[in-house]
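Heads up: the structure comes next, in structure tokens.
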Amino acid sequence: MPLAATTPPIVLTIAGFDPTGGAGILADIKSIAANQGYGVACITAQTVQSTQGVKCWEVVDPKLLELQLDYLLTDLQPRAVKIGMLAGRATVDVIARQLERHPIPFVVLDPVLVSTSGARMVDEAGWKHAQQRLFPLVSVLTPNIPEAEALTGLQLTKPAEMEQAAARLRAMGPRNVIVTGGHLERPVDVLYDGEQFAALAADRVRTPHSHGTGCTFSAALATNLANGKHVHDAAVMAKAYVAAALKQAYPIGAGPGPLNHLYRLQDAPASRNVDPAPLAEFTTR
Ligand code: PXL
């Protein structure tokens with residue numbers, strides 16, 4: 001069915017479930033909504049975690065994931081997909097097969113390897129398989145510095161080295177690579193599209209509440225691509241969104257809190273808020 005003119009583009013997230021909402025599917029859905037997409041989600045794994053870290057996780061049965069992806073993608077057509085936690089080899093196979101069966105114009109892969117608290121989010125076999133099976137389907141790969149180091153064996157301390165890593169990663173199949181520099185003192189991201197390198201600079205936001213920054217960035221990027229932005233502009237806008245959400249992040253537990261994904265709702269002028277007067281009709285007496 002054609003979408004109504006007012007329907008935002010559909011953006012699919014295929015990722016793990018983090019019950020704190022800082023990372024994974026919940027963060028993605030908020031990031032997609034905040035950047036004017038309609039988010040739909042298929043879960044790869046259930047994690048047991050609080051703000052204090054990931055305790056353990058279990059993969060969602062890949063057969064169930066395949067049924068869900070096939071059923072959903074037979075019904076509706078996302079403009080973009082963001083892929084996060086991959087769990088293992090069978091899950092990678094399912095995702096690749098479904099993306100071949102139901103092609104989606106923009107595929108963003110955030111190579112989530114290890115959580116900040118140190119838990120592995122994909123096993124070795126799954127990760128090797130992702131490089132062979134998924135990388136060739138990817139429009140934009142978004143590793144952070146530790147992930148790009150793990151994938152290339154390079155040590156990355158400055159933009160020139162990040163460019164080298166981006167070029168090596170692009171040679172593995174993705175059409176574009178963004179090595180995100182949040183771990184640097186000056187958080188420069190490096191984008192490589194196969195022709196040019198671009199350095200996307202920003203000031204460091206100092207906050208302990210940065211859980212899920214990578215998920216949030218990749219979901220915002222996918223949404224901006226779905227909304228017709230070129231990869232460079234999509235990345236700049238996603239970076240600005242993450243910086244603003246970091247500036248307004250808040251503690252919700254004892255550990256690192258989530259970004260404030262929905263700060264734009266709080267920024268909304270009062271005129272956009274619901275007028276409380278007509279609501280009186282619905283209150284019970
Ligand atoms: O930020 C990496 C990440 C991705 N996806 C899920 C996670 C985490 C980190 O904890 O839980 C589901």
Side-chain angles (χ1 to χ4, degrees), residues 11-32 39-62 64-65 68 81-88 91-92 94-95 107-123 126-127 130 134 138 140-151 178-183 187 189 205 207-223 238-239 241-243 245-246 249 251-261:
V11 179
L12 167 64
T13 163
I14 307 175
F17 186 81
D18 163 10
T20 73
I25 292 272
L26 294 175
D28 291 345
I29 290 289
K30 288 183 282 183
S31 177
I32 292 164
V40 293
C42 292
I43 302 186
T44 57
Q46 167 78 45
T47 72
V48 173
Q49 66 179 305
S50 72
T51 63
Q52 295 182 283
V54 178
K55 213 170 231 195
C56 58
W57 56 264
E58 290 239 356
V59 64
V60 168
D61 185 341
L64 197 65
L65 175 65
Q68 177 59 83
V81 54
K82 169 251 153 99
I83 308 167
M85 179 177 179
L86 288 170
T91 300
V92 169
V94 161
I95 296 170
V107 179
V108 175
L109 176 62
D110 184 26
V112 176
L113 299 179
V114 180
S115 76
T116 314
S117 55
R120 276 207 74 122
M121 308 305 266
V122 58
D123 61 30
W127 184 240
L134 277 181
V138 168
V140 194
L141 183 75
T142 61
N144 61 25
I145 287 192
E147 289 158 355
E149 286 180 335
L151 287 166
I178 302 173
V179 179
T180 59
H183 292 74
D189 293 357
V205 179
T207 171
H209 306 302
S210 58
H211 174 55
T213 311
C215 297
T216 304
F217 174 76
S218 55
L221 176 71
T223 310
K239 198 169 161 65
Y241 166 68
V242 167
L246 270 171
I252 58 164
L259 280 60
N260 185 350
H261 296 97

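Indexing begins at 1, ligand by ligand and atom by atom, following the structure's order.
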Between T47 and D18, is the side chain to side chain donor-acceptor pair (under 3.5 Å) condition met? List the steps. CA-CA 6 Å; T47 72; D18 163 10; 4.8 Å; no
Ring pair (Phe, Tyr, Trp, His ring centres under 6.0 Å) partners of Y241, counting only residues at least two apart: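 Expected list: Y263.
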In Å, rounded to the nearest 0.5 Å, how long is the span from CG of D110 to CG of L86?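 Interatomic distance, D110 CG to L86 CG, rounded to 0.5 Å: 9.5 Å.
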What residues form a side chain to side chain donor-acceptor pair (under 3.5 Å) with T180, not counting sequence neighbours?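 Listed in chain order: nothing, the list is empty.
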Holding to side chain to side chain donor-acceptor pair (under 3.5 Å), I want the full list of residues that pass it with N144, two or more places apart in sequence or in another chain.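 With neighbours one apart ignored, the set is empty.
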Would you say the side-chain atoms of T51 and H211 include a donor-acceptor pair closer than 3.5 Å?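 There is no such pair between these side chains.
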Protein N/O near ligand 1 N/O, under 3.5 Å, which pairs?
residue	atom	partner	partner atom	Å
ligand 1	10 (O)	Q49	OE1	3.4
ligand 1	11 (O)	Q49	NE2	2.5

